[in-house]
Amino acid sequence: MEKYIEKAKVLVEALPYIKKFNGKIVVIKYGGSAMVDEKIKASVIQDIVLMKLVGFKPVIVHGGGKEISHMLNKMGKESKFINGLRVTDSETAEVVEMVLSGKVNKDIVQLIQNHDLNAVGISGKDAKTLKVHKKEVDGYDVGYVGEVNEVNTGLIKTLLENDFIPVIAPVGTDDNGDTYNINADYAASAIAGALQAEKLIFLTDVEGILRDINDKSTLISKIYVEEVKEYIENKIISGGMIPKAECCALGIKKGVKSVHILDGRVEHSLLLEVFTNSGVGTMFLGTKEN
Ligand SMILES: Nc1ncnc2c1ncn2[C@@H]1O[C@H](COP(=O)(O)OP(=O)(O)OP(=O)(O)O)[C@@H](O)[C@H]1O
Ligand SMILES: [Mg+2]
């Protein structure tokens with residue numbers, strides 16, 4: 001009997017969070033790097049389904065870095081990154097679109113639909129959701145890498161209002177109609193900002209931001225947005241964590257109420273973050289003066 005009472009307590013503990021997020025938009029960036037293990041993938045999807053069924057409005061923005069690199073590799077093309085951004089020539093842009101929009105996106109849609117909920121997979125191209133211009137990276141030409149200048153939220157809102165879970169591939173177009181690869185972290189924070197989301201969560205393949213990338217015990221559990229630049233300059237934050245940390249800060253600046261980086265490899269890390277006050281991963285905070 002006690003076992004069952006414990007179970008009931010767990011549910012009751014979640015009640016304040018269920019109330020708080022009822023009807024609220026939560027944007028989840030699901031990193032390609034954490035999307036490799038099928039079991040974990042299923043558990044992430046299960047968490048999102050549960051969030052939806054208790055009244056949240058989840059929006060998924062996904063990456064697919066590892067799958068893109070794998071496909072390029074098959075084609076005999078090497079992947080090159082500058083400051084964590086994929087150098088994207090026109091052939092790479094085509095592969096990015098095929099892998100992200102065609103494969104990764106539809107895989108996620110299907111996993112959700114296996115739970116009898118409806119998801120709709122779109123890319124930033126659909127209904128001009130993500131309008132971009134070519135991203136300038138100091139001193140480098142990274143090719144067809146887009147920076148979001150406009151999020152048209154109409155389609156996403158229509159989907160949410162009609163009870164669908166939007167699943168968004170980070171591909172967009174510029175004014176000339178050219179296709180651009182957008183780092184999914186930027187896409188997620190632009191979308192979360194435009195939707196004035198309650199929460200923005202980055203699921204990735206590390207515990208959060210680590211002071212020493214080889215030592216889990218150095219997890220930085222809280223970080224102020226003004227500290228991000230310093231961590232990047234000091235090279236504590238490098239590679240793929242650069243855009244991610246910048247996007248977390250950007251999310252806060254754009255008015256998203258809470259922004260987190262979580263370990264997508266840990267089963268149910270999403271549930272822990274959303275339904276408990278366990279404080280897993282790295283949480284971003286506004287300026288210290290506030
Ligand atoms: N200080 C740091 N703390 C934690 N991770 C760091 C740090 N500096 C660099 N990293 C790297 O950042 C990586 C996460 O970014 P990455 O772009 O690889 O994943 P993702 O964004 O989840 O996936 P995708 O880009 O495919 O969507 C980690 O695996 C780690 O190697
Ligand atoms: Mg990344």
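Numbering of ligands and ligand atoms starts at 1, following listing order.
Below 4.0 Å from some heavy atom of Asp205 lie the following atoms of ligand 1, by number and element: 14 (C), 28 (C), 29 (O). Atoms of ligand 1 lying under 4.0 Å from at least one heavy atom of Gly208, given by number and element, are 3 (N), 4 (C). Of all the atoms in ligand 1, the ones that sit under 4.0 Å from a non-hydrogen atom of Ile236 are 1 (N), 2 (C), 8 (N). Close approach of ligand 1 to Leu210 is summarised as follows: ligand atoms under 4.0 Å from at least one heavy atom of the residue are 1 (N), 2 (C), 3 (N), 4 (C).
With a 4.0 Å cut-off on non-hydrogen atoms, Lys29 touches ligand 1 through its side chain and not its backbone. With a heavy-atom cut-off of 4.0 Å, Thr204 touches ligand 1 through backbone and side chain alike. Counting heavy atoms closer than 4.0 Å to ligand 1, residue His62 contributes nothing at all.
Residues Thr92 and Arg86 bring no donor and acceptor atom of their side chains to less than 3.5 Å of each other. Under the 3.5 Å distance criterion, with hydrogens and angles disregarded, a donor-acceptor pair is assigned to the side chains of Asn114 and Gln110. Inspection of the Tyr180 and Glu147 side chains reveals no N or O donor paired with an N or O acceptor under 3.5 Å.
More than 12 heavy-atom neighbours from other residues, nucleotides or ligands sit within 6.0 angstrom of CG on Asp215. The local environment of NE2 in His133 is crowded, with over 12 non-hydrogen atoms from other residues, nucleotides or ligands closer than 6.0 Å.
Classification of Lys128 and Glu150 as a salt-bridged pair fails, no side-chain N sitting under 4.0 Å from a carboxylate O.
Among the atoms of Gly65, some N or O lies under 3.5 angstrom from an N or O of ligand 1. Taking distance alone, with nitrogen or oxygen atoms compared against 3.5 Å, Val206 stays at or beyond that limit from ligand 1. Residue-to-ligand polar distances place Lys244 within reach of ligand 1: an N/O pair is separated by less than 3.5 Å.
Panel note: side chain Asn83, backbone Leu85; no donor-acceptor pair is recorded below 3.5 Å. In this structure, the side chain of Asp174 engages the main chain of Asn176 through a donor-acceptor pair within 3.5 Å.
Summarising the contacts of atom 15 (O) of ligand 1 with Gly31, Gly240, Pro170, Gly63, the nearest heavy atom is found in Gly240. Considering each of Ile237, Ile213, Ile261, the one bringing a non-hydrogen atom nearest atom 31 (O) of ligand 1 is Ile213.
By the 4.0 Å heavy-atom criterion, Gly84 is excluded from the residues contacting ligand 1.
In this structure, Lys135 forms a cation-pi arrangement with Tyr186, its terminal cationic atom sitting closer than 6.0 Å to the ring centre and no more than 45° off the ring axis.
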